[in-house]
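To start, the structure itself, in structure tokens.
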Amino acid sequence: MQATGMDIRSAQYLVAVVDHGSVTAAADVLRISQPSLSQAVRNLERALGATLFERTTRGLAPTAVGLAIADSARALLADVARAESAVAAVTALRAGELAIAVQSDLAIDPVAEVAGRLHLTAPGIRFSTNAVANAQDVRALVRAGTCELGFLETHPGTDVSDGLREIAVSSQETVLSIPVRLATDLPDPVPRAVVTHLPMVVEASTVRRGHSIDDDPDLANVVVEVPDRLAVREMVGQGVGAALLPRSIAEQDSPASEVRSLFPPITRQTILIYRDGPLSPAGSAYIENVSTRHKPSTNSLPNGESVSGSNSTP
């Protein structure tokens, strides 16, 4: 509880004298004159109606009342510091930029959703995304500091030793989205060995990944390469060929296409990565929105946030 008659400046003066043991030393630290500090202490004693210090051979020693009031002063100063930090954080989110590296097929979900939620509370932040073909390129941009955050896909249990911190965002099944005319004789689930010979529509970035299905052989019958996932869905809907898509996206295209599970199944995990160390206010707020969206278990982040995260390990 704040002592009656004590303001922020009086609290600073009192704590300084208690900590340094003399008016002279405290005045030097506070960068004010000794007479001014002595007068301020006397004014505080008068306002409180109590003696706060006793003069000894070693300098000034706080009385029992002085120690109690000093505790109140420290609490007051701590409250002020917390309030100032909160104001600074809010002010910092009124402007600024946040660069995010994104594996190309993740630019809609979850990146856009989280950015939209953050924009409601911090409309002054300018977001920029750098879409790249694969997870390695995302990691390279974040490691270099070109982008503060990065979203990429990985397989559950995959560990990469590059010193970046990771937050698991979501896991999703990869399925076969196939035109109805091509699905007639296919089982459900579809063996991966069968998929390799189907007429397939792929993103151009998949060319650099060898048209592979995880560790299976390359797709043997790629009929169309398109620049992005939206074009993949359009081609499937027009009956050109089948495609491998996240289930949430493939199911949106019904009834133009059918959705079949794969055997063995393929599950990909979306993770958020960032460098170890202090984050910008915008970066911290974005991560907090991710953690709120997915409600992960707690762990300590560089700036003190409490969200799920871990360092990549060998």
Side-chain angles (χ1 to χ4, degrees), residues 100-117 127 129-135 137-138 149-156 158 167-183 186-192 194-196 198-214 216 219 221-273 289-290 293-294:
I100 305 174
V102 185
Q103 197 168 325
S104 58
D105 47 9
L106 297 176
I108 297 177
D109 181 24
V111 180
E113 179 187 345
V114 178
R117 292 175 57 194
F127 294 92
T129 58
N130 192 335
V132 294
N134 53 56
D137 290 344
V138 173
L149 307 177
F151 278 93
L152 56 90
E153 278 187 340
T154 185
H155 301 297
T158 301
I167 298 175
V169 175
S170 63
S171 293
Q172 188 160 193
E173 177 188 11
T174 296
V175 298
L176 182 69
S177 179
I178 187 167
V180 175
R181 66 175 182 83
L182 296 177
L186 288 181
D188 190 7
V190 180
R192 293 195 208 175
V194 173
V195 175
T196 60
L198 292 173
M200 298 295 293
V201 180
V202 300
E203 291 182 63
S205 61
T206 310
V207 175
R208 291 187 285 277
R209 297 197 292 265
H211 300 309
S212 63
I213 307 176
D214 284 12
D216 281 1
L219 299 177
N221 189 16
V222 175
V223 293
V224 181
E225 295 174 5
V226 293
D228 54 45
R229 183 168 285 178
L230 181 62
V232 170
R233 295 171 60 189
E234 183 65 22
M235 289 290 180
V236 173
Q238 293 299 323
V240 176
L244 296 172
L245 294 170
R247 177 174 289 277
S248 63
I249 293 178
E251 290 179 342
Q252 296 175 16
D253 296 329
S254 178
S257 63
E258 292 191 9
V259 177
R260 299 289 173 88
S261 297
L262 301 174
F263 182 81
I266 297 175
T267 301
R268 290 191 171 91
Q269 185 177 61
T270 300
I271 63 173
L272 172 64
I273 62 172
N289 271 268
V290 169
R293 176 179 185 259
H294 298 282

Practice problem: State, with a plain yes or no, whether a side-chain heavy atom of Val202 is found less than 4.5 Å away from one of Met235. | Solution: no
Quiz item: Is there a donor-acceptor pair under 3.5 Å between the side chain of Arg192 and the backbone N or O of Leu262?
Solution: no
Quiz item: Between Arg247 and Ser261, which heavy-atom pair has the shortest distance, and what is it?
Solution: NH2-OG, 2.8 Å
Quiz item: Which heavy-atom pair separates Leu219 from Val195 by the least distance, and what is that distance?
Solution: CD2-O, 4.2 Å
Quiz item: Quick one: does Val114's side chain get under 4.5 Å of Leu272's, heavy atoms only?
Solution: no
Practice problem: Could you tell me whether a side-chain N or O of Gln103 sits under 3.5 Å from a main-chain N or O of Glu153, the two making a donor and an acceptor? | Solution: yes
Quiz item: Does a side-chain heavy-atom distance below 4.5 Å link Arg233 with Ser177?
Solution: no
Quiz item: Where is the tightest heavy-atom contact between Val175 and Ala250, given as atom of each residue plus distance?
Solution: CG2-CB, 3.6 Å
Quiz item: Quick one: do the Ser171 and Thr267 side chains pair a donor with an acceptor below 3.5 Å?
Solution: no
Practice problem: Evaluate the side-chain proximity of Ile273 to Val138: yes if any heavy-atom separation is below 4.5 Å, no if none is. | Solution: yes
Quiz item: Leu244 versus Leu176: any side-chain heavy-atom pair under 4.5 Å?
Solution: yes
Exercise. Please check if the side chain of Arg260 supplies one atom and the backbone of Ala183 the other of a donor-acceptor pair under 3.5 Å.
Key: yes
Exercise. Kindly compute the distance separating CD1 (Ile178) from CG (Leu186), expressed to the nearest 0.5 Å.
Key: 4.5 Å
Quiz prompt | Under the side-chain hydrogen bond (donor to acceptor under 3.5 Å, both in side chains) test, residues paired with Glu234 that sit two or more places apart | solution = Gln238
Quiz item: Is any side-chain heavy atom of Val180 closer than 4.5 Å to a side-chain heavy atom of Ser257?
Solution: no
Quiz item: Quick check: are there more than 12 heavy atoms from other residues, nucleotides or ligands sitting under 6.0 Å from CZ of Phe127?
Solution: yes
Quiz item: Taking all atoms of both residues into account, what is the closest heavy-atom pair of Leu182 and Pro199, and its distance?
Solution: CD1-CG, 3.8 Å
Quiz prompt | Distance in Å, Thr154 OG1 paired with Gln269 CD, rounded so as to fall on 0.5 Å steps | solution = 7.0 Å
Quiz item: Do we see a donor-acceptor contact under 3.5 Å between the side chains of Thr270 and Gln172?
Solution: no
Quiz item: Does Asn221 use its side chain to pair, donor to acceptor, with the backbone of Met200 at less than 3.5 Å?
Solution: no
Quiz item: With respect to Val201, which candidate in Val226, Val222, Leu245 satisfies the side chain to side chain contact (heavy atoms under 4.5 Å, CB included) definition?
Solution: Val226
